[in-house]
Structure formats: structure tokens, C-alpha cells
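In what follows, a single structure is set out as C-alpha cells and then discussed.
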Amino acid sequence: MIQRKQTLYLLLSGLLMILTLTVSLGRVSSPDMLYILSGMGFQTADGLIVEHTWLLFALGVVIALASFVTIFLYKRRVLQMRITIFNLVLKVGYVAVVVLNLYRFSEAMLPIESQYSVTPWLALPLVAAISDYLAHRGILADETVIRMMDRLR
């Protein structure tokens with residue numbers, strides 16, 4: 001049903017991923033320049049995009065859309081559980097892609113005395129993954145109740 005608690009978890013997951021696309025996820029700095037990684041790519045402090053990260057953006061959009069679509073698959077709970085677990089794995093992969101992009105950019109663009117760091121906003125996909133796990137548990141509980149009711153008929 002749409003009004004179940006897993007709907008709130010999936011909605012929260014999708015909203016967190018949309019927020020992830022708009023905030024600063026990491027920084028690459030050298031003594032003379034600072035680059036900020038957001039969902040759209042690496043930007044200078046002035047907001048000029050130096051390098052686009054289309055994979056990161058596309059992955060974030062797909063993850064957010066999958067969370068919202070999963071809400072309306074309430075009549076197909078097994079498929080809903082599978083998509084939720086797949087989405088959870090994608091969110092962990094999203095964090096890995098962010099860290100790899102930061103490392104690659106710091107090595108390629110600023111090989112001398114460059115440092116990269118992640119921001120606390122990078123925790124948003126992990127919080128969304130926890131929300132997916134909680135949604136999966138709620139969907140599984142619903143499926144268990146439905147199977148027990150079918151057994152009683």
C-alpha cells in the first residue's frame with residue numbers, strides 16, 4: 001500500500017539523492033587553486049565547471065528515479081524488494097565513484113602538492129542506503145503477512 005512506512009523510507013531515499021546532486025561532495029585543492037566536486041562536475045570556486053562528470057550525474061538521477069518508481073510498485077512486492085536492494089548497491093557504488101573521481105582528478109589535474117577531501121554531504125547516499133534497507137525490511141514484512149493470510153484461506 002502507498003501509505004505504508006516503507007513509502008516514507010523510499011521517498012526519503014529519493015529526496016536525499018536529489019539533494020546529493022546539488023551539494024558539494026568533495027574538494028581537490030592545491031596551494032593556488034580549489035576545485036569542488038558536485039553532481040554536475042568539478043567546479044572552480046567561481047562556479048565555472050572545469051570537468052563534467054556525466055557518469056556521476058546519470059547515476060544519481062537513475063538512483064533517485066528508481067526510488068520514486070519503486071514506491072508505485074506496491075502491488076508487486078517481490079519486484080519492489082529487488083529494485084530496493086539493487087538501488088542500495090547502486091548508492092554504495094555512487095560513493096565509490098565520487099571517491100574515484102576525486103582521486104583521478106587530483107592526480108591528473110594537480111599532480112604537485114594536491115590534496116583531495118570529501119565533505120560531510122557524501123554521507124547522504126549512505127543515509128539513503130540505510131533508508132533503502134529499512135524500506136526493504138518493511139516490504140518483506142508486508143510480503144510475509146500476505147503469505148500468512150493466503151495460507152489461512
Side-chain angles (χ1 to χ4, degrees), residues 1-30 34-45 47 49-111 114-147:
M1 289 186 258
I2 286 191
Q3 62 267 30
R4 301 290 296 170
K5 63 183 175 185
Q6 58 265 25
T7 301
L8 296 176
Y9 292 135
L10 291 170
L11 184 64
L12 175 68
S13 176
L15 292 175
L16 287 175
M17 285 310 296
I18 288 174
L19 183 62
T20 301
L21 292 174
T22 62
V23 296
S24 165
L25 300 173
R27 295 182 176 154
V28 177
S29 60
S30 71
L34 172 68
Y35 295 101
I36 300 168
L37 174 64
S38 68
M40 291 301 293
F42 286 96
Q43 304 173 5
T44 61
I49 295 181
V50 177
E51 181 181 326
H52 291 281
T53 52
W54 295 113
L55 174 66
L56 198 61
F57 180 73
L59 191 58
V61 169
V62 166
I63 291 170
L65 286 177
S67 292
F68 293 131
V69 167
T70 305
I71 293 171
F72 298 103
L73 294 175
Y74 59 89
K75 290 185 180 180
R76 301 179 65 193
R77 285 172 298 282
V78 175
L79 178 63
Q80 196 177 29
M81 284 189 290
R82 288 181 183 161
I83 292 174
T84 302
I85 291 298
F86 181 68
N87 215 6
L88 189 147
V89 171
L90 282 179
K91 286 175 181 146
V92 174
Y94 184 85
V95 172
V97 168
V98 167
V99 172
L100 286 174
N101 271 327
L102 284 169
Y103 177 74
R104 182 192 54 79
F105 188 78
S106 71
E107 292 297 317
M109 296 296 281
L110 305 167
S114 65
Q115 296 178 348
Y116 67 93
S117 61
V118 297
T119 61
W121 292 108
L122 191 58
L124 288 178
L126 300 175
V127 172
I130 292 169
S131 179
D132 278 344
Y133 172 72
L134 294 172
H136 181 267
R137 283 186 40 193
I139 298 165
L140 185 64
D142 280 355
E143 182 65 19
T144 304
V145 167
I146 296 296
R147 287 182 188 235

Please report the shortest heavy-atom distance between [X] and [Y], naming the atom on each side.
X: Val28; Y: Tyr116; value: CG2-CB, 4.0 Å
X: Ala128; Y: Leu16; value: N-CD1, 3.9 Å
X: Leu34; Y: Ser29; value: CD1-CB, 3.9 Å
X: Ala135; Y: Thr84; value: CB-CG2, 4.5 Å
X: Gln43; Y: Ser38; value: NE2-OG, 3.2 Å

To the nearest 0.5 Å, tell me how far [X] [atom1] sits from [Y] [atom2].
X: Leu100; Y: Leu56; atom1: CG; atom2: CG; answer: 10.5 Å
X: Asn101; Y: Glu51; atom1: CG; atom2: CD; answer: 7.0 Å
X: Ile49; Y: Thr44; atom1: CD1; atom2: OG1; answer: 9.5 Å
X: Thr7; Y: Leu12; atom1: OG1; atom2: CG; answer: 12.5 Å
X: Leu10; Y: Ile139; atom1: CG; atom2: CD1; answer: 5.5 Å
X: Leu15; Y: Met17; atom1: CG; atom2: CE; answer: 11.5 Å

| field | Flag, side chain of Ser106 to backbone of Gln115, donor-acceptor distance under 3.5 Å | value |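 No; zero donor-acceptor contacts below 3.5 Å.
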| message | Can you pull out every salt bridge (charged side-chain N to carboxylate O under 4.0 Å, His left out) where at least one residue sits in residues 120-131? Sequence neighbours excluded, please. | response | none
| said: Going by salt bridge (charged side-chain N to carboxylate O under 4.0 Å, His left out), name the pairs with one or both residues in residues 82-102, residues two or more places apart or in two chains. | reply: Lys91-Asp132
Show the atom names and distances, to 0.1 Å, of all donor-acceptor pairs under 3.5 Å that link a side chain in residues 118-127 to residues at least two apart or in another chain.
| from | atom 1 | to | atom 2 | distance (Å) |
| --- | --- | --- | --- | --- |
| Thr119 | OG1 | Ser24 | O | 2.6 |
| Thr119 | OG1 | Leu25 | O | 3.2 |

| query | Among Arg4, Gln80, Arg137, whose side-chain hydrogen bond (donor to acceptor under 3.5 Å, both in side chains) with Asp142 holds? | reply |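 Checked Arg4, Gln80, Arg137 against Asp142; only one passes side-chain hydrogen bond (donor to acceptor under 3.5 Å, both in side chains): Arg4.
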| Relative to the ring of Trp54, is the ring of His52 parallel (under 30°), tilted (30 to 60°) or perpendicular (over 60°)? |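 If you compare the ring of His52 with that of Trp54, the planes turn out parallel.
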| Any idea how Phe105 and Tyr35 line up, ring-wise: parallel (<30°), tilted (30 to 60°), or perpendicular (>60°)? | perpendicular
| request: Would you please name every residue forming a side-chain hydrogen bond (donor to acceptor under 3.5 Å, both in side chains) with Arg77, sequence neighbours left out? | output: Glu143
| request: Could you list the residues that satisfy side-chain hydrogen bond (donor to acceptor under 3.5 Å, both in side chains) with Thr53, not counting sequence neighbours? | output: none
Could you pull out every donor-acceptor pair under 3.5 Å between side chains of residues 62-73 and any protein atom, sequence neighbours left out?
| from | atom 1 | to | atom 2 | distance (Å) |
| --- | --- | --- | --- | --- |
| Ser67 | OG | Ser13 | OG | 3.4 |
| Ser67 | OG | Ile63 | O | 3.3 |
| Ser67 | OG | Asn87 | ND2 | 2.8 |
| Thr70 | OG1 | Ala66 | O | 2.4 |

| task | Could you tell me whether the side chain of His136 reaches within less than 4.5 Å of the side chain of Leu88, counting heavy atoms only? | result |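 Not touching, per the 4.5 Å side-chain cut-off.
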